[in-house]
Amino acid sequence: MDLVIRDARVVDGTGTPSYRADVGIADGRISEIRREGDGPRPAAPRVVEADGLALSPGFIDMHAHSDLALLRDPDHSAKAAQGVTLEVLGQDGLSYAPADDRTLAEVRRSIAGWNGDGSDIDFDWRTVGGYLDRLDRNFGGQGIAVNAAYLIPQGTVRMLAVGWDDRPATDAELARMRELVAQGMAEGAVGMSSGLTYTPGMYAKDAELTELCRVVAAHGGYYCPHHRSYGAGALHAYEEMVRLTRDAGCALHLAHATMNFGVNEGRAPELLALLDDALAGGADISLDTYPYTPGCTTLVAMLPSWASEGGPASVMTRLADEEAAGRIRHHMEAVGSDGCHGVPIEWDTIEISGVGNPELSGYVGRTVAESARLRDEEPWVTARRLLVEDRLGTTILQHVGHEENVRQIMRHRVHTGGSDGILQGDKPHPRAYGTFPQYLGRYVRELGILSLEECVAHLTSRPAARLRLPDRGYVREGYRADLVLFDPATVAAGSTFEEPRTLPVGVPHVLIDGRFVVEDGKRTSVLAGRAVRGAGRPGL
């Protein structure tokens, strides 16, 4: 053995009671688990005295936006310091593969608020397989900070095959999208995502999505939709995704499964009843949430979908036109745009969290309404100025969630953890740096919403099962030594809305493949992360 972790409280990912044991590691895998009092203790050249610290599988972030961050930042403590050993990328239907030169330029601009404009990245790939290969050979072939899996982004696929038009795909275009999805799955994607409040993915009708899900299902993957509404039409949108995937025979993973806005306060039980009925009927469903009430997205995402038809350049043209801008305002403030989930926008809930144009940094940390009052103008005028002068790159926090909904959903038996962490901006959402310690500190230790063992299962074995990973998610002999040592008595998120980039406390050691990426509470120089590829074989 290379390493022994001695006297650990093993929280093994099964949800069953923890136990005290020594855990031996050899060649990147767990080679021996010796329970307390069960024979001679294992020996190794290196011993870490756990002294009762909890030892769990590495945490799996089921909803991450580190698509470019992993390529530009070898440290990546935002996730590594939390105990995250695997992130799932390609979320919300928009990412950087598959693409051609045209769509790559368009997607870079459309999600600059999520990942930056990418001017510091060499985009030397165009396929899903090429992107995964790039992760493996990044930083001179060393790899990346943590492991990463990838979802084929349906919006990018539609951008490539159809463009930005709000119309049904032709038969030839649908065939092309099916080919792109099949190719991406064969090259190692674990499933497909959608952003059905983001253009151009939201222009797809159910029949089109069903056909693509059939391809995903044939390759053993799952569908991960950001569905059509988290507001006025939330329950209908959840029902739509359940029905669609059952028709396609495809596993369903509901992204950031929240019930937001005033219309949904106290309605989490209705969502959970819907899921329980579907599960009882044989549906294969899981979901993820983050343990906070505000959401986070881009300001341009709040616009009605018709305003985004044609792509980012068309949005800028409409914003510059007084008549078109007036229509946009009416839809946002009076009608309730589909970009804002069918709910009329409340500018005092929209906090600017980041800008691409440094000359606009004075807006960060204030709501649109507050900034408008300081400028003695109407909120729409302020929002429009931001959109134009920041070239659609502004990120926002949207304070529209409900704590009781958050707590009820996280208790569900198919729940997993996902940060939805956007790392861009001067004041990002604290979930990017704090989701997993927040679960363990606030919701386990302080509030008792989940037991420690149950919470660890939510963050490890359940997502590993959804990803169909045969050797991750449990502390078991033969499994990969992706492990976290944390102190249940002190673990906590350091990040706050005021100081969102503060690292957590109580997580002294994190290992990937038996190598310390965090040791004694400090990030090492180890780059043990690699692309985790799906099986990708039809008929699994």
Side-chain angles (χ1 to χ4, degrees), residues 92-93 113 166 194-199 201-203 225-241 254-272 274 287 289-290 292-309 315 318-319 324-353 366-372 378-384 386-387 392 394-406 408-409 420 422 429 431:
D92 294 330
D166 183 2
S194 282
L196 300 179
T197 65
Y198 300 129
T199 54
M202 69 188 303
Y203 299 143
H226 165 129
H227 51 269
R228 297 191 193 274
S229 175
Y230 291 81
L235 282 174
H236 175 75
Y238 282 115
E239 290 170 352
E240 176 190 15
M241 294 299 101
L254 295 166
H256 37 59
T258 57
M259 293 287 286
N260 288 339
F261 302 91
V263 294
N264 289 318
E265 186 171 3
R267 299 188 69 187
E270 296 176 60
L271 167 62
L272 300 180
L274 165 67
L287 59 88
T289 69
Y290 46 84
Y292 300 87
T293 52
C296 178
T297 187
T298 56
L299 184 57
V300 68
M302 299 289 101
L303 272 58
S305 58
W306 59 262
S308 295
E309 187 175 6
V315 178
R318 293 184 180 104
L319 288 169
R327 289 179 59 213
I328 292 171
R329 177 181 184 177
H330 176 73
H331 274 259
M332 294 179 72
E333 295 185 340
V335 177
S337 78
D338 47 7
C340 195
H341 308 277
V343 178
I345 198 163
E346 297 174 340
W347 293 113
D348 59 351
T349 69
I350 306 297
E351 178 185 352
I352 304 304
S353 61
R366 294 192 177 105
T367 67
V368 171
E370 181 183 1
S371 292
E378 294 182 325
W380 164 249
V381 176
T382 301
R384 181 184 178 190
L386 275 166
L387 287 163
L392 313 182
T394 306
T395 53
I396 63 170
L397 304 181
Q398 193 170 18
H399 296 269
V400 293
H402 304 285
E403 178 67 19
E404 187 55 33
N405 283 351
V406 170
Q408 292 196 39
I409 293 170
D420 197 10
I422 293 174
H429 197 302
R431 68 193 185 193

In terms of the angle between their ring planes, are Phe261 and His341 parallel, tilted or perpendicular, with boundaries placed at 30° and 60°?
tilted

Which heavy atom of Val368 sits nearest a heavy atom of Pro379, and at what distance?
CG1-O, 3.5 Å

So, taking the atom named CD1 in Ile409 and the one named CG in Leu272, what distance separates them when rounded to the nearest 0.5 Å?
6.0 Å

I want to check a possible cation-pi pair here: Arg431 against Tyr292, using under 6.0 Å from ring centre and within 45° of the ring axis as the test.
no

Testing Asp92, Thr289, Thr297, Thr258 one by one against Asp420 for a side chain to side chain contact (heavy atoms under 4.5 Å, CB included), which residue passes?
Asp92

Distance-only, no hydrogens or angles: does the Thr382 side chain make a donor-acceptor pair with backbone N or O of Ala369 under 3.5 Å?
no

If I compare all heavy atoms of Asn260 with all of Thr293, which pair ends up nearest, and what's the gap?
OD1-O, 4.4 Å

I'd like to know if the side chain of His256 pairs up with that of Tyr230 as donor and acceptor (distance under 3.5 Å, no hydrogens or angles considered).
yes

Please round to the nearest 0.5 Å and tell me the distance separating atom CE of Met302 and atom CH2 of Trp347.
9.0 Å

In terms of relative ring orientation, are His331 and Trp306 parallel, tilted or perpendicular, with 30° and 60° separating the classes?
perpendicular

Within the structure provided, determine whether Leu235 and Leu271 are in side-chain contact (heavy-atom separation under 4.5 Å).
yes

To the nearest 0.5 Å, atom OG1 of Thr298 lies from atom CD1 of Ile396 at 7.0 Å

Nearest heavy atoms of Ala234 and Met259, plus distance in Å
CB-SD, 4.1 Å

Does Gly231 offer a backbone N or O that forms a donor-acceptor pair with the side chain of Asn264 under 3.5 Å?
yes

Under a 3.5 Å distance rule, please check whether Asn405 uses its side chain to pair with a backbone N or O of Ala268 as donor and acceptor.
yes

Is any side-chain heavy atom of His429 closer than 4.5 Å to one of Ile422?
no

Only one of His399, Arg366, Gln398 passes side-chain hydrogen bond (donor to acceptor under 3.5 Å, both in side chains) with Glu351, and that residue is His399

Who are the salt bridge (charged side-chain N to carboxylate O under 4.0 Å, His left out) partners of Glu270, not counting sequence neighbours?
Arg267

Just wondering, more than 12 heavy atoms not from Glu378 lying within 6.0 Å of its CD?
no

If I take atom CG from residue Leu392 and atom CG from residue Leu387, how far apart are they, to the nearest 0.5 angstrom?
6.0 Å

Of all the heavy-atom pairs spanning Ala257 and Leu287, show the shortest one and how long it is.
CB-CB, 3.9 Å

Partner set under salt bridge (charged side-chain N to carboxylate O under 4.0 Å, His left out) for Arg228, not counting sequence neighbours:
Asp206, Glu240

Does the pair Met241 and Leu196 meet the rule for a side-chain contact (heavy atoms from CB on, under 4.5 Å), with working shown?
CA-CA 11 Å; Met241 294 299 101; Leu196 300 179; 3.7 Å; yes

Please assess Thr367 against Thr349 for the test side-chain contact (heavy atoms from CB on, under 4.5 Å), listing each intermediate value before the final yes or no.
CA-CA 7 Å; Thr367 67; Thr349 69; over 6 Å; no

For the residue pair Val406 and Tyr290, what are the closest heavy atoms and their distance?
CG1-O, 4.2 Å

Looking at Val315 and Leu303, what are the two nearest heavy atoms and their distance?
CG1-CD2, 3.9 Å

Between Asp166 and Met202, does a side-chain contact (heavy atoms from CB on, under 4.5 Å) hold up when you go through it step by step?
CA-CA 9 Å; Asp166 183 2; Met202 69 188 303; over 6 Å; no

Any side-chain heavy atom of Pro304 sitting closer than 4.5 Å to one from Ile328?
yes

Measure the spacing between CD of Glu333 and CD of Glu346 and express it to the nearest 0.5 Å.
11.5 Å

What's the separation between atom CD in Glu309 and atom CZ in Arg318, rounded to the nearest 0.5 Å?
6.5 Å

Modelled atom types, side-chain donor and acceptor of Thr199 and Ser305, under 3.5 Å:
no

Look only at the side chain of His227 and the backbone of Leu254, and say whether a donor-acceptor pair between them is shorter than 3.5 Å.
no

